[in-house]
There are 2 protein chains.
Amino acid sequence: MHATGGPAARPTSRDVARAAGVSQSTVSLVLGGKWTGRVSPATAAVVQDAAGRLGYRPNRAARSLRLGTARTVLFLVPSIVPFFGAVYDGAARVAARHGFGVVLYPWPDGAGPAGSPFAASEEAIDGVLVSSVGPDVPAGFGGLPLVLLDSDPAGPVPTVAFAVEDGMRAVVAHLAALGHRRFGHVAAALDQWTFHARGAALAAAVDALPGGSWTRAAAALDVAAARDAAGALLDGPSRPTALVCDDDVMAAGAYKAARLRGLAVPGDVSVTGFDDEQLATALEPELTTVRLPAGDLGARGMTALLDLLDGRRPASVALPGALVVRASTAPPR
Amino acid sequence: MHATGGPAARPTSRDVARAAGVSQSTVSLVLGGKWTGRVSPATAAVVQDAAGRLGYRPNRAARSLRLGTARTVLFLVPSIVPFFGAVYDGAARVAARHGFGVVLYPWPDGAGPAGSPFAASEEAIDGVLVSSVGPDVPAGFGGLPLVLLDSDPAGPVPTVAFAVEDGMRAVVAHLAALGHRRFGHVAAALDQWTFHARGAALAAAVDALPGGSWTRAAAALDVAAARDAAGALLDGPSRPTALVCDDDVMAAGAYKAARLRGLAVPGDVSVTGFDDEQLATALEPELTTVRLPAGDLGARGMTALLDLLDGRRPASVALPGALVVRASTAPPR
DNA sequence: ACCGGCGAGTCATACGTATTACTTGATGCG
DNA sequence: CGCATCAAGTAATACGTATGACTCGCCGGT
């Protein structure tokens, strides 16, 4: 009982030192872990005991100031959706293993580093991970080490991407094997590399197909916009027998467009998605789509960033996806 | 041209002072904004110009250390889904207006403050916002100011919640008006206040209904689990004519269970959701559900937390939701 | 002529940590 | 015995900022 109501403030290393009867430097030495040969095991034990008893935890601001490092990286994502949650998990797991924290920041419009949300956490970070950016790659990020995810691996910045071309090629091959020749591409009107790549890969794959042809309609990444875009394709001069969508959400819109016209999926028109989100199995019929290893993306990206922080220069890589065939694709009528 | 390749390191306030020909304190005063009557406008202009030219931005760690405050709050969410993205946006908007940043942290299992992900960012924060927790409310959060979101407003901690009871009552009233009397509750098996409240509200509303009866099946918050739970209800001794689901995702599972049994929605069985996520309009038929003002939740929660930081004690409030009637509800056969 | 007061800055310091350089007493060795 | 070595720890310092205490002219009033 401290009748005086002593200071209940958070203990500092000096408080621990006082409690252990040693100097502050000794505390720092012991708790820093590098004390072999400098402090006797007995004293170290006393210090550790005192620290535990007081519930001491080092002040992060002071440590950052002293070391010039925060052991924290910033993770910028275009939106708060489960896909990026999975990416985050992968990244955070690797980071934790190295004593780093990961701060998640939604960064919708791809505004520059001066964008106000970023400015808020500007200085307490050692590196940046940015996911799903467009072709105007931020070459450097305020001078901070930078790794891109799900972006153009051919750029100057180290990047971990998906092998989008392979995924799209697998989609087209699957549909072609079923007998489809006329494709409609329901494209996402977002300026992100991954969507540019999906579009280019589709075009290349269909063009390489004897008798293959395709049309395209772009829309915002939501159900209603995708429904209208898919409708425009279905109403076009030569109706596609398969709608290839840039994303599972857009595929939901394609379903709606088909139903509105009395067309059955997959009887009258096949539909494919991309990403394999939870939605894919919520839809009826369940959606044929491409599963992307989101956790791996985060893990590999964080590994690359940590390499960069250590002065090594990581190479860009592309992770393979996998076609998941469900019930939304069938031979054309 | 500095032929010597001078230090390209980030400039400090002392560098600015040197460039402006004043002392470091003057720089700090000017840039701090509180210089009226202490510094002449002419000098202030010179300082601001120099700071701009050098691209000076204050070191956050040093400022935190000096002020004992980080102007940053931690926002813990159970999962990375669009709903919490909207909550975050509301919170971040209010925070930015007061010069605060918001750090988002996924906190899946509701582990204690000692949970490793939290520990990583432990010290650079002034307060905590926690969303959607269970009954074992963390009374204090390592001594940090705390506000709960979407949690029990009757607890000791200031809380901003939704008026879940009203929402669920509206659902039951809507279905009752259509003629439904036998309800099935597809419940989320998560230990969060909001789901407990939804269940209790449903029971109360149906029990108050003459001739009303209900059964319940709980499941994890995913499509497949909900499908099985809903199936169990539909296969029960007295088949419900309406399935009330704790969440839109579970409603998708209810759709599947109905289809598997050859039952039409809403012809043979009505289905309702909760939250009004994007999924609600992706489903066929579109889902009758309860829209919750997620952005407001974040904004009000942040306002309450800022009040708390200022020494005021905010009151707990509950925000009203709104029933959105779509195509998944109809009179029973 | 002297002093109070004020405008315009500067000096010095503290925040809490990590680390380098130093002290101190004991021991080993020739 | 004298000196180097060593173990065990401590004193001092720097990181970059914000701010209370202080200085230094200068002007107005009596």
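Here is the naming used below: chain letters follow the sequence lines, and residue numbers restart at 1 for every chain.
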| query | side-chain hydrogen bond (donor to acceptor under 3.5 Å, both in side chains) between A:Ser25 and A:Ser28: does it pass, once the steps are laid out? | reply | CA-CA 5 Å; A:Ser25 1; A:Ser28 191; over 6 Å; no
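Computed from coordinates, the B:Leu29 CG to D:dG20 P distance equals 10 Å when rounded to whole Å. Protein atom CZ of B:Arg14 is 13 Å distant from nucleotide atom P of C:dT10, rounded to whole Å. Taking atom CG of residue B:Asn59 and atom C1' of nucleotide D:dC15, one finds them 8 Å apart after rounding to whole Å. What separates CG of B:Asp15 from C1' of D:dT17 is a distance of 13 Å, to the nearest Å. Straight-line distance from the CG atom of A:Leu67 to the P atom of C:dT17: 12 Å, rounded to whole Å. Look at CG on B:Leu54: it is 15 Å from P on D:dG16, rounded to the nearest Å. Computed from coordinates, the B:Arg10 CZ to D:dT17 P distance equals 9 Å when rounded to whole Å. The CG-P distance, from B:Leu65 to C:dA14, rounds to 13 Å in whole Å.
At a threshold of 4.5 Å between non-hydrogen side-chain atoms, the residues A:Tyr88 and A:Val102 count as touching.
B:Ser28 comes within contact range of at least one nucleobase, with a heavy-atom separation under 4.0 Å. Nucleic acid contact class of A:Thr43 (heavy atoms, under 4.0 Å, all strands): sugar-phosphate only. Counting any heavy atom pair closer than 4.0 Å across all strands shown, B:Ser40 reaches sugar-phosphate atoms only and no base atom. A:Arg63 comes within 4.0 angstrom of the backbone, heavy atoms only, and of no base.
B:Val157 and B:Val147 get closest at one heavy-atom pair: CG1-CA, 4.4 Å.
Under 3.5 Å, the side chain of B:Arg38 and the base of D:dT19 form no donor-acceptor pair of N or O atoms.
Minimum atom distance to the side chain of A:Thr26 is reached by D:dG9, of the listed D:dG9, D:dG16, C:dC11.
Phosphate proximity of C:dG9 to B:Ser23: absent, as no side-chain N or O sits under 4.0 Å from OP1 or OP2. Phosphate contact (OP1/OP2 of C:dT10, side-chain N/O of B:Ser25, threshold under 4.0 Å): absent.
Ion pairing between A:Arg53 and A:Asp49 holds under the 4.0 Å rule for side-chain N and carboxylate O.
Donor-acceptor pairing under 3.5 Å is lacking for the side chains of B:Asp150 and B:Ser131.
Map A:Gln24 and A:Pro41 each onto its nearest nucleotide of DNA chain D; the residue landing nearer the 5' end is A:Pro41.
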